[in-house]
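Structure first, then comments.
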Amino acid sequence: MFAQPGGALHLYDQFLNRAIDLEVPVATNEIAAIFELAKLRTLVYVNRPKDAQDLAGRLSEQTGRVTLSAEAQRAIKAIAELIDPSYSLIRAIESGVLFHHGQVPDVLRQYIERLFRDDSSTQPRLLVTTSTLLEGVNTPADCLILMTPSRGRRNLSRSAFRNLIGRVARFREVFDARRRDLDLLQPRIHLIRSSYARANWNIQGFLSDVANLANNVEDSVGNPLLERSEDIEGRREALEYLENIEPGSSLLTDARIARTEVGKLCFQNGIRDFDILENESALQMRVETARAAQRLLTEPAEVVETICDLFLDDVELEDTHPLTRVRDSDGAREFYKLFISWRSQNEPYKRLISRFVRYWSQLDEEYVFVGSKWGEETYGPDGVRKLYVRMRAKSRVEMINLAVAKIKEEQDFVDFHIVKYIEIMNSLGLVDRDLYHRIKFGTADSFLICLLRNGFSPELARLVLESYADVIRVDIAASEVTVPRVLSETMSSNGENDVLIYEAETLVNAEFPH
C-alpha cells in the first residue's frame with residue numbers, strides 16, 4: 001500500500017499493475033502517519049545513516065518515554081557503559097524506538113537486532129534502518145514502512161526491493177504457535193512519500209518497476225567475468241588482474257604482467273586505486289630509495305606520509321577517490337596521522353569518542369569535513385555537496401553522537417584503504433613488526449590478535465584477556481580459539497556488560513568442562 005501524508009491510502013495490485021483507492025485517510029504529518037500505520041513490530045526504511053538517526057529522534061520525541069522490558073533496561077545500561085550515556089540510541093530505546101545502520105559500532109549491530117527480535121514488551125516497537133537490512137538482518141517484523149525508494153544514489157532494484165519486503169512476515173512468524181491469528185499472511189508493506197525521499201518520487205511508477213509481476217525479471221550482470229556480461233573491455237581488465245594474482249588462471253596469452261616486486265604486491269593486496277602496471281616502475285624506484293635509507297617506520301604518524309610519498313604522489317587518482325583528500329589536503333593528512341595513532345593504542349570506544357570531541361573542540365576552522373553521510377553544509381571547492389558541518393555550533397552531546405558514527409566510518413576507511421598499503425610496506429620490509437600489528441589490530445599482543453582474528457570485538461577481547469583467559473582455549477600458532485558456552489554464562493554471573501555477554505554467546509563453538 002502507498003500514500004502521501006494527508007492523502008488517501010492506495011492498494012497496489014501487483015498482478016494487474018494498478019492502484020486501488022481504499023478511501024482511508026492518512027495523517028497529514030509523516031511522523032503521525034508512521035504511528036498510524038505501524039503494527040506491533042515495525043521496520044522503517046530510509047536511505048542514509050544520518051536520516052535513520054534523525055527519524056528515530058523525531059519518533060522518540062513524539063512517543064515520549066514508554067514502559068521498558070527487562071531486556072531494554074539491560075540494553076540501556078550496557079550501551080551507556082560501552083559507548084556513552086549521551087548516545088542517541090539510548091534515548092530512542094527509552095521511547096520504544098531503535099536505529100540500525102552501517103555506522104553503528106560493530107559490537108552493537110547484532111545486539112540491536114536481538115533486542116528488536118526478543119524484546120518481551122507487548123507495546124509497539126519500531127526499528128529505523130537503512131539498506132543494512134538487506135544484509136540478512138533477522139527480524140520478526142509485522143510491518144515495513146518505506147520512506148524513500150533510494151539505495152545510495154539509485155533506486156532500489158527489483159531484487160533489492162523484494163529482499164527488503166521479504167524481511168516482513170516470515171513463515172516462522174506467520175505460523176508461530178503463540179500467535180492467535182493469521183494476519184501475517186497479508187504482510188503490511190507501506191510506501192509513504194516523505195521528506196527523506198526525492199520530491200519527485202512517483203510511488204506508483206516505482207512499484208510498476210519493482211513489483212509488477214507482468215515484467216520480465218532480468219538480472220543485471222555486473223561481474224565482467226560472468227558469461228552473460230556485455231562489458232568486454234571490463235572483462236579483459238578483470239582477467240588481466242586475475243592473471244597477475246594467479247598466473248595461468250585467466251587463459252589470456254597476451255596479458256600484461258607486473259615485472260617489479262612492488263607491482264606484484266599491489267596486485268596481491270587488491271590495489272585498484274590507480275593503474276598498477278603504468279606506475280610500477282616509478283613506485284619501485286621510490287621503494288629502493290626508501291630501502292637505501294635503512295630505516296624502519298616505527299611511529300604511526302610516519303605511515304600516512306610514507307604511503308603518500310611511495311604510492312600516491314604524482315599518481316593519477318579520480319577526483320572523488322577518498323585517498324585524493326589524504327594526498328592533497330594537509331588537514332586530512334594530519335587527521336589520519338592522529339587517528340591511526342589513536343587506533344594503534346587499543347583504546348576503548350569511550351576513549352576514542354572523547355579524543356574525537358577534544359580534537360573537534362580545538363579546531364580553529366568553522367567548517368569541518370565529515371563526508372557525504374553526515375555533511376550538513378556546502379563549503380569551498382566541493383561545490384553543492386553537503387560534506388561539512390559547523391562544528392562550533394554543535395553541542396557536546398551532538399559531537400558525541402557524530403563521533404560514534406565517525407569512528408566506525410574512519411575505522412572502515414583505514415581497513416579498506418590504508419591497511420593494504422601497510423601490508424605492502426610490511427612485505428617490503430619497511431615497517432617495524434610491532435607497528436604493523438598495532439595499526440592493523442590495535443595491539444601487538446599475540447593473544448589479543450588471535451581473538452580479533454577469530455571474530456572477537458576489541459572490547460570483548462580486552463575483557464577476556466583481563467578476566468576470562470582461562471575459560472577459553474587459544475592456539476596462537478594455529479590462530480584458533482575455542483569458545484565454550486560457559487564463557488557467556490560466567491560473564492553473566494559476574495554482571496558483565498550485556499552487549500559483550502551477547503557477543504560471547506554468538507561466538508560459542510564448542511562445549512567442554514571448565
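The basis for the numbers below is simple: all heavy atoms, side chains too, and nothing from hydrogens, waters or symmetry mates. Computed from a predicted model, the values in this text were never measured in an experiment. In this chain, numbering begins with 1 at the start of the sequence shown.
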Side-chain donor/acceptor pairs under 3.5 Å, residues 297-314, sequence neighbours excluded:
residue, atom, partner, partner atom, Å
E302, OE1, T298, N, 3.0
E302, OE1, E299, N, 3.0
E302, OE2, R295, NH1, 2.9
E302, OE2, R295, NH2, 2.4
E305, OE1, R333, NH1, 2.8
E305, OE2, K337, NZ, 2.7
T306, OG1, E302, O, 2.8

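With sequence neighbours excluded, the residues satisfying side chain to side chain contact (heavy atoms under 4.5 Å, CB included) with R355 are W342, Q345, E347, R351, R358. Considering only residues two or more places apart in sequence or on other chains, Y436 meets the ring pair (Phe, Tyr, Trp, His ring centres under 6.0 Å) condition with none of them. Looking at residues two or more places apart in sequence or on another chain, you find a side-chain hydrogen bond (donor to acceptor under 3.5 Å, both in side chains) between D415 and R343. Listed by chain and residue number, nothing satisfies the side-chain hydrogen bond (donor to acceptor under 3.5 Å, both in side chains) test with R74 (two or more places apart in sequence, or in another chain). The salt bridge (charged side-chain N to carboxylate O under 4.0 Å, His left out) search around R48 returns D51, not counting sequence neighbours. For the ring pair (Phe, Tyr, Trp, His ring centres under 6.0 Å) test, residues two or more places apart in sequence or in another chain that qualify with Y336 are F413. The side-chain hydrogen bond (donor to acceptor under 3.5 Å, both in side chains) check on Y241 picks up nothing, with sequence neighbours excluded. For R162, there are no salt bridge (charged side-chain N to carboxylate O under 4.0 Å, His left out) partners, not counting sequence neighbours. Applying the side chain to side chain contact (heavy atoms under 4.5 Å, CB included) criterion to E505, with sequence neighbours excluded, gives R114, S488, I501, Y502.
Within the 4.5 Å cutoff, no side-chain heavy atoms of L487 are placed close to those of V508. Using a 4.5 Å heavy-atom cutoff, the side chains of L277 and F267 are in contact. Residues W360 and K406 form a side-chain contact, since some pair of their non-hydrogen atoms from C-beta on lies under 4.5 Å apart. I34 has its side chain out of reach of I192: every pair of non-hydrogen atoms, C-beta onward, lies at least 4.5 Å apart. Counting heavy atoms from C-beta on, the side chains of L460 and V499 never come closer than 4.5 Å. Residues I276 and K264 fail the side-chain proximity criterion, which asks for heavy atoms closer than 4.5 Å. Residues T260 and L283 are not in side-chain contact: their nearest non-hydrogen atoms beyond the backbone lie 4.5 Å or more apart. For the pair Y196 and L146, the minimum side-chain heavy-atom distance is 4.5 Å or more.
Closest approach of N426 and V431 over heavy atoms only: N-CG2, 4.0 Å. C450 approaches I476 most closely through the heavy-atom pair SG-CA, 4.2 Å. The nearest pair of heavy atoms linking S372 to R385 is CB-NH2, 3.6 Å. What you find for A75 and I93 is that their closest heavy atoms are CB-CD1, 4.5 Å. Across K50 and W374, no two heavy atoms sit closer than the pair CA-CZ3, 3.5 Å. F356 approaches A403 most closely through the heavy-atom pair CB-CB, 3.7 Å.
For the 3.5 Å distance criterion, the side chains of N346 and R462 qualify, holding a donor opposite an acceptor. For the 3.5 Å distance criterion, the side chains of R198 and S150 qualify, holding a donor opposite an acceptor. For the 3.5 Å distance criterion, the side chains of D498 and Y111 qualify, holding a donor opposite an acceptor. Side-chain contact of T132 with H101: a donor-acceptor pair under 3.5 Å is absent, judged by distance alone. Of the N and O atoms on the side chains of E30 and S195, at least one donor lies less than 3.5 Å from an acceptor on the other residue.
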Legend entry - Candidate pair D254 and R236, rule salt bridge (charged side-chain N to carboxylate O under 4.0 Å, His left out), full reasoning: CA-CA 11 Å; D254 57 345; R236 177 171 180 81; 3.1 Å; yes
Inset, instruction - Evaluate the criterion side chain to side chain contact (heavy atoms under 4.5 Å, CB included) for residue pair Y468 and E496; output intermediate values, then yes/no. - result: CA-CA 11 Å; Y468 300 98; E496 300 291 0; 2.7 Å; yes
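When each of T324, D328, V326 is paired with L317, the side-chain contact (heavy atoms from CB on, under 4.5 Å) condition holds for T324 and for no other. Of the options L43, V104, L89, V44, a side-chain contact (heavy atoms from CB on, under 4.5 Å) to L98 is made by L89 and by none of the others. If you run side-chain hydrogen bond (donor to acceptor under 3.5 Å, both in side chains) between N497 and each of E81, E503, E459, only E81 comes through.
A salt bridge links R256 with E240; the closest basic N to acidic carboxylate O contact falls under 4.0 Å. Under 4.0 Å is where a charged nitrogen must lie from a carboxylate oxygen, and between E377 and R390 at least one such pair does.
D475 CG: more than 12 foreign heavy atoms inside a 6.0 Å radius. In the displayed structure, K350 atom NZ is contacted under 6.0 Å by more than 12 heavy atoms of other residues, nucleotides or ligands.
Side-chain N or O atoms of Q362 include none that pairs as donor or acceptor with a backbone N or O of Y359 at under 3.5 Å. R259 places no side-chain N or O within 3.5 Å of a backbone atom of S281 that could act as its donor or acceptor partner. One N or O on the side chain of N401 and one on the backbone of S86 form a donor-acceptor pair closer than 3.5 Å. Here the side chain of N269 pairs no donor or acceptor atom with the backbone of I271 at under 3.5 angstrom. Checked by atom type and distance alone, the side chain of S194 pairs as donor or acceptor with a backbone atom of M147 at under 3.5 Å. With hydrogens and angles disregarded, no donor-acceptor distance shorter than 3.5 Å links the side chain of E376 to the backbone of Y388.
Here F116 and F99 keep their ring centres 6.0 angstrom or further from each other. A centroid separation of 6.0 Å or more is found between the aromatic rings of F335 and F369.
Within the structure, the salt bridge (charged side-chain N to carboxylate O under 4.0 Å, His left out) test picks out the following pairs touching residues 268-291 (sequence neighbours left out): E261-R291, D273-K420, E288-R291. Pairs engaging residues 438-453 under the salt bridge (charged side-chain N to carboxylate O under 4.0 Å, His left out) rule: E423-K440 [sequence neighbours left out].
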